[in-house]
Amino acid sequence: MRVASVPCNHVYIRHLETSEAARNPHVLRLPDPPPEGCSRSVESRWWPPAMLSPDWVRANHDTFDLMHIHFGFDTADPARMHDLLAELRRHGKALVYTVHDLANPHQPDPAAHRKLLDVLIPHADKLITLTAGAAREILERWGLDAQVLPHPHVVDFDSMDRIRTTRRHDASDPGHPGHQRIGVHLKGLRPNMDPGILDPLSRIVGKLPNTVLQVNIHAQPLDPAHVEYREGLAQKLHAGAAEGRWELQAHQYFTESELFAYLASLDVSVLPYRFGTHSGWLEAALDVGTHVAVPDCGHYADQDPSIAQFRLTSDGVDEDSLGEALLALLNREGLPGLDASGRRAQRINLAEAHREIYRSLLGRL
């Protein structure tokens, strides 16, 4: 089965096949064509996806059997999306859409994304989403059922095994240092990031014995010579570090191994989001055995039973619920999330579920 996957080269999509499938693939996902224009970042060389063009479908319809859209349509408009769907129909190609984002974390105004969802969701031949909460929202908003298939692992199995084994050993070692580390990563300050969480978070951590707050951010917003410099935030972050309220680490984009090591260095990762739906960052943290505290927007808390949730208000973070979430996580024993064995079994199930969806759609055409 040949699938025009939008995108293809992304960890989520790569892990929808078993790790053995590279030698004997059941599903052939077309490689990402060169993107239309320049890539958004070094992390997203597939963006913007050329496959979302009606012209691409018209020229390449004989190279694939169906299309599966995940994300990457940020800059599309509803008219172009209608044209894409019409071109797929013209050539008898089914459309699968996995609803990752009911609210786009890169767009402060949700209106544009909602208009695109109003095109994609009602016209897809099959809907998938990652959590029961998102499926309920899709049913409430569009009256349509979405099959719930959980997010696959992000960390590779060898790293997962190594990191989780080390952490279990350290936890059982009475001589291991007892400091606990809570981390919040502001990344490149995409629109759904809320630096306002730092003040209540620092007050909470300041009352906890042997606990450190670590604040990470990409280097560009703190660099006066860079176009993304945020003077007010830079001053605040440096002042907080000088006052001992948090440890500040500014750096370039993590490599994969650097990201895994960073997450594994934390006891709790706090997601500083004001809106959104699901999180791959959250999945990577669980893979390495790090607890996660999430806001009550979107459906983050549905991604794993171990997750603790705090409330958002119109003014920002509810400090009491954030403190309760952190205390609950810090007092838990054992590592959260599935281990490598559990993730392997989950990945096999996900691969089979996707193959069955594709087979059922091809059988109807």
Side-chain angles (χ1 to χ4, degrees), residues 40-41 43 101 103-110 181-208 211-254 258-259 262-263 265-282 284-285 290-298 300-301 307-326 329:
R40 176 168 54 184
S41 77
E43 296 180 317
D101 297 315
N104 192 319
H106 300 284
Q107 296 175 346
D109 183 351
R181 187 166 290 267
I182 295 172
V184 59
H185 202 309
L186 300 175
K187 306 182 196 177
L189 294 172
R190 68 189 185 190
N192 75 331
M193 290 283 182
D194 181 16
I197 197 173
L198 296 179
D199 288 331
L201 193 53
S202 67
R203 287 192 292 268
I204 293 166
V205 174
K207 299 174 185 176
L208 299 175
T211 305
V212 174
L213 174 59
Q214 178 177 324
V215 178
N216 282 57
I217 188 171
H218 291 155
Q220 291 82 353
L222 304 191
D223 180 0
H226 199 277
V227 67
E228 296 178 16
Y229 179 55
R230 298 274 294 272
E231 181 178 6
L233 179 61
Q235 291 175 349
K236 176 183 178 67
L237 292 179
H238 287 304
E243 295 163 3
R245 299 174 65 194
W246 51 69
E247 294 180 2
L248 177 63
Q249 295 190 18
H251 52 82
Q252 300 301 322
Y253 289 106
F254 281 141
E258 288 171 341
L259 172 61
Y262 159 75
L263 290 171
S265 72
L266 305 176
D267 294 282
V268 179
S269 179
V270 181
L271 301 192
Y273 303 159
R274 289 294 296 174
F275 56 88
T277 309
H278 299 119
S279 169
W281 181 276
L282 177 161
T290 295
H291 285 288
V292 185
V294 303
D296 61 357
C297 58
Y300 303 113
I307 293 167
Q309 184 173 257
F310 56 89
R311 293 189 300 277
L312 297 180
T313 72
S314 58
D315 297 323
V317 172
D318 176 77
E319 190 166 336
D320 289 340
S321 65
L322 178 59
E324 291 168 3
L326 293 178
L329 294 177

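Counting from 1, the numbers follow the sequence of the chain as shown.
Listed here is the closest heavy atom pair of Val212 and Val205: C-CG1, 3.9 Å. Contact detail for Val292 and Ala285: the closest heavy-atom pair is CG2-CB, 3.7 Å. Of all the heavy atoms in Ala219 and Ala250, the pair that sits closest is CA-CB, 4.3 Å. Of all non-hydrogen atoms in Ala325 and Gln309, the two that sit nearest each other are CB-O, 3.9 Å. Heavy atoms only, all atoms of each residue included: Pro200 and Gly196 are closest at CD-O, 3.2 Å. A pairwise comparison of heavy atoms in Gln107 and Pro191 identifies N-CG, 4.2 Å as the closest pair.
Remark: Arg230 CZ to Leu186 CG distance equals 9.5 Å, nearest 0.5 Å. Expressed to the nearest 0.5 Å, how far CG of Leu198 lies from CH2 of Trp246 amounts to 5.0 Å. Going from atom CG of Asp194 over to atom CG of Leu271 covers 12.5 Å, rounded to the nearest 0.5 Å. Rounding to the nearest 0.5 Å places CG of Leu322 at 10.0 Å from CZ of Arg203. If you take CG on Leu222 and CD1 on Ile217, they are separated by 4.5 Å, rounding to the nearest 0.5 Å. Separation of atoms NE2 (His238) and CG (Leu248) is listed at 6.0 Å; rounding is to 0.5 Å.
Residues Gln252 and His218 form no side-chain contact, since every pair of their non-hydrogen atoms from C-beta on lies 4.5 Å or further apart. Side-chain contact check for Leu201 versus Val317: every heavy-atom pair is 4.5 Å or farther apart. Under the 4.5 Å side-chain criterion, counting only non-hydrogen atoms from C-beta, Ile204 is not in contact with Ile182. Contact of the Phe254 side chain with the Asn216 side chain is registered, since non-hydrogen atoms from C-beta on lie closer than 4.5 Å. The shortest distance between side-chain heavy atoms of Phe310 and Pro295 falls below 4.5 Å. Two residues are said to be in side-chain contact when any heavy atoms from C-beta on lie closer than 4.5 Å; Asp267 and Thr290 fail this criterion.
Remark: side-chain polar atoms of Thr277 are paired, donor with acceptor, to backbone N or O of Ala103 under 3.5 angstrom. With hydrogens and angles ignored, the 3.5 Å screen pairs no side-chain donor or acceptor of Ser202 with any backbone N or O of Arg245. A donor-acceptor pair under 3.5 Å is formed between the side chain of Asn192 and the backbone N or O of Phe275.
His226 pairs by the side chain to side chain contact (heavy atoms under 4.5 Å, CB included) definition with Gln220, Asp223, Glu228, not counting sequence neighbours.
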Inset, instruction - Verify side-chain contact (heavy atoms from CB on, under 4.5 Å) between Glu247 and Arg181, making sure each step is shown before the conclusion. - result: CA-CA 10 Å; Glu247 294 180 2; Arg181 187 166 290 267; 2.7 Å; yes
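In this pair, Trp281 and His185 present their aromatic rings perpendicular. The plane angle is above 60°, beyond the 30 to 60° band.
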